[in-house]
Colleague: 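Just passing along the structure, written as C-alpha cells.
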Amino acid sequence: MRIDGHVFEDPLAPDDDIRPTTMQPIVRENRDTGQRDLVLARWGFIPPWQKPGEKPPPTTFNARSEGVEKAGMWKRAFERHRCLVPADAFFEWQKIRPRNNPKFAFTLDGTAPFAFAGLWSAWKDPANGHWLQSFTVLTTDANETMQPIHTRMPVILQPKDYARWLSRDESAQPPLDLLRPLPEGLHCEPVENEPGMATNPIAQKDIPTKGADADQPGLFGDSL
DNA sequence: CCAGACGTTGTT
DNA sequence: GTCTGG
DNA sequence: CCAGACGTTGTT
DNA sequence: GTCTGG
C-alpha cells in the first residue's frame, strides 16, 4: 500500500479474531505532507458530535456505501476522510439457524493482503483533550461468491484505485464508482467449527450437537 | 424555525 | 456538524 | 454482527 | 432469553 509516511510505533500482536472497538491499523493520506500514514484507529466510527460520557452509536463498524455521500454520519468523512483498511481475510456466518452458524473465510488467494474501503474520524475528547482515531468499513451488495453465505460484503479496492480513494482533493470527482462488489478473485472456504460441531453447513442444519436440542446419542452435551 | 436524529445486519 | 421531520 | 455474560451475600 | 462488550 506504499506507506511512505508515519507508522505507529506499537507492534501488532497476531490476531485472527478482530472485532469492533479494538484498535487496528488503517492507511490514510496525510493532509499536510500528502504521504500515506499507517495509523492505529478504533474499529467503530466515532461521530464528530460525540459527547464525552455518552455511548457512541452501537453499529458504526460498517457503513452502507449506498447513499454514503448523503448520509449525515458519513457525508463529511466520505468527502475528506477516506482510508484503506488492510486485511488478508474476513469472515462471514451463514445464517441458517439462530446460533452456531457455519463460519466462512474469504480471501483473495489465501494469503495476499488487500484493502477494504474505509472512512475515518478524529475525535477530540473535550474532557481531557485526547484524540481518538476511529474508522468504519464500507459495505455493498454481495458478489457471486458471497451470495450463498451473506447478502452484503465489504468493499474491496483494487490497488490501482488506492490513490484516488485516499485523495483528499474535494475538487476531484467523488469516488462513488469504486463502491461496488469485487468482480472476481474472491475465494471462500469453511472455517473449522468448535470441537463436536458438524462442519458441513447443510448437514449441520439437521444435526444439532450442542444445547437444549442436542439429543444425539453418543455425543456429550453441556451437562456433566 | 427548533428538536432530534445521525447506524448496520438480519428479522429463530 | 448537518440533515430531516414536525 | 457474534461471543460472552448475566448475581448476591458475605468473606480465604 | 436478553443485554453488553468487542
Side-chain angles (χ1 to χ4, degrees), chain A residues 12-26 40-82 85 87 89-106 116-126 131-143 146-155 170 174 179 181 188 190-197 201-202 204-215 222:
Chain A
L12 280 177
D15 192 350
D16 61 0
D17 188 18
I18 287 168
R19 307 204 193 166
T21 72
T22 61
M23 299 298 284
Q24 302 297 335
I26 62 171
L40 267 190
R42 175 191 192 265
W43 186 20
F45 186 95
I46 304 293
W49 56 85
Q50 179 71 39
K51 294 192 178 62
E54 288 186 5
K55 283 187 183 175
T59 47
T60 57
F61 47 86
N62 285 138
R64 288 181 65 90
S65 57
E66 299 92 340
V68 71
E69 79 282 15
K70 289 179 286 202
M73 178 102 68
W74 313 122
K75 184 174 191 285
R76 188 57 185 150
F78 175 69
E79 291 166 350
R80 282 281 288 178
H81 291 168
R82 299 186 294 267
V85 182
F90 64 96
F91 303 103
E92 203 54 77
W93 287 259
Q94 187 180 32
K95 191 80 175 178
I96 58 175
R97 314 199 296 169
R99 295 167 50 83
N100 297 329
N101 281 301
K103 182 182 183 181
F104 294 84
F106 294 88
F116 298 127
L119 304 176
W120 61 270
S121 154
W123 180 72
K124 186 180 185 179
D125 187 341
W131 284 92
L132 175 61
Q133 311 297 323
S134 64
F135 71 98
T136 190
V137 173
L138 292 171
T139 62
T140 185
D141 285 329
N143 68 9
M146 283 209 68
Q147 202 78 63
I149 310 300
H150 205 67
T151 60
R152 305 285 294 171
M153 72 181 298
V155 174
E170 288 187 80
L179 303 179
C188 172
V191 176
E192 197 61 36
N193 286 310
E194 296 301 314
M197 297 279 300
I202 298 166
Q204 185 175 9
K205 189 191 301 186
D206 302 312
I207 309 177
T209 58
K210 291 191 61 150
D213 54 356
D215 57 2
D222 290 334

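A, B, ... follow the sequence lines: proteins, then strands. Residue 1 opens every chain.
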Colleague: Heavy-atom distance under 4.5 Å between the side chains of A:Trp43 and A:Phe135, does that happen here?
Modeller: yes

Colleague: Just wondering, do A:Asn143 and A:Met153 contact through their side chains at under 4.5 Å, heavy atoms?
Modeller: yes

Colleague: Counting any heavy atom closer than 4.0 Å, what does A:Thr151 reach on the DNA or RNA strands: base, sugar-phosphate only, or nothing?
Modeller: sugar-phosphate

Colleague: Which letter, B, S or -, goes with each nucleotide of nucleotides 1-6 of chain C from 5' to 3', with contact meaning a protein heavy atom under 4.0 Å?
Modeller: B-S---

Colleague: Respond yes when some side-chain nitrogen or oxygen of A:Trp74 is under 4.0 Å from OP1 or OP2 of B:dT8, and no when none is.
Modeller: yes

Colleague: What verdict does the side chain to side chain contact (heavy atoms under 4.5 Å, CB included) test give for A:Trp74 and A:Thr60, after you've listed the backbone C-alpha separation in whole Å, the side-chain angles of each residue and the deciding distance to 0.1 Å?
Modeller: CA-CA 10 Å; A:Trp74 313 122; A:Thr60 57; 4.0 Å; yes

Colleague: For A:His81 and A:Trp120, take the angle between the two ring planes, folded into 0 to 90°, and tell me which bin it lands in: parallel under 30, tilted 30 to 60, perpendicular over 60.
Modeller: parallel

Colleague: Any non-hydrogen side-chain atom of A:Ile26 less than 4.5 Å from a side-chain atom of A:Phe116?
Modeller: no

Colleague: What is the distance, to the nearest angstrom, from the CD atom on A:Glu66 to the C1' atom on B:dT8?
Modeller: 12 Å

Colleague: Under 3.5 Å between N/O atoms: give me all the protein pairs with nucleotides 2-6 of chain D, atom names plus distance.
Modeller:
residue	atom	partner	partner atom	Å
D:dA3	O4'	A:Arg19	NH1	3.2

Colleague: Both distances under 3.5 Å, Watson-Crick or G-U wobble: report the partner of C:dG1, or none.
Modeller: B:dC6

Colleague: Can you see whether A:Phe78 has A:Arg82 sitting over its ring - NZ or CZ less than 6.0 Å from the centre and within 45° of the normal?
Modeller: yes

Colleague: Do the non-hydrogen side-chain atoms of A:Pro47 and A:Pro57 ever get within less than 4.5 Å of each other?
Modeller: yes

Colleague: Using a 3.5 Å cut-off and no angle test, enumerate the donor-acceptor pairs between side-chain atoms of residues 63-73 of chain A and protein atoms at least two apart in sequence or in another chain.
Modeller:
residue	atom	partner	partner atom	Å
A:Ser65	OG	A:Thr139	O	2.7
A:Glu66	OE1	A:Arg152	NH2	2.8
A:Glu66	OE2	A:Arg152	NH1	2.9
A:Glu66	OE2	A:Arg152	NH2	3.4

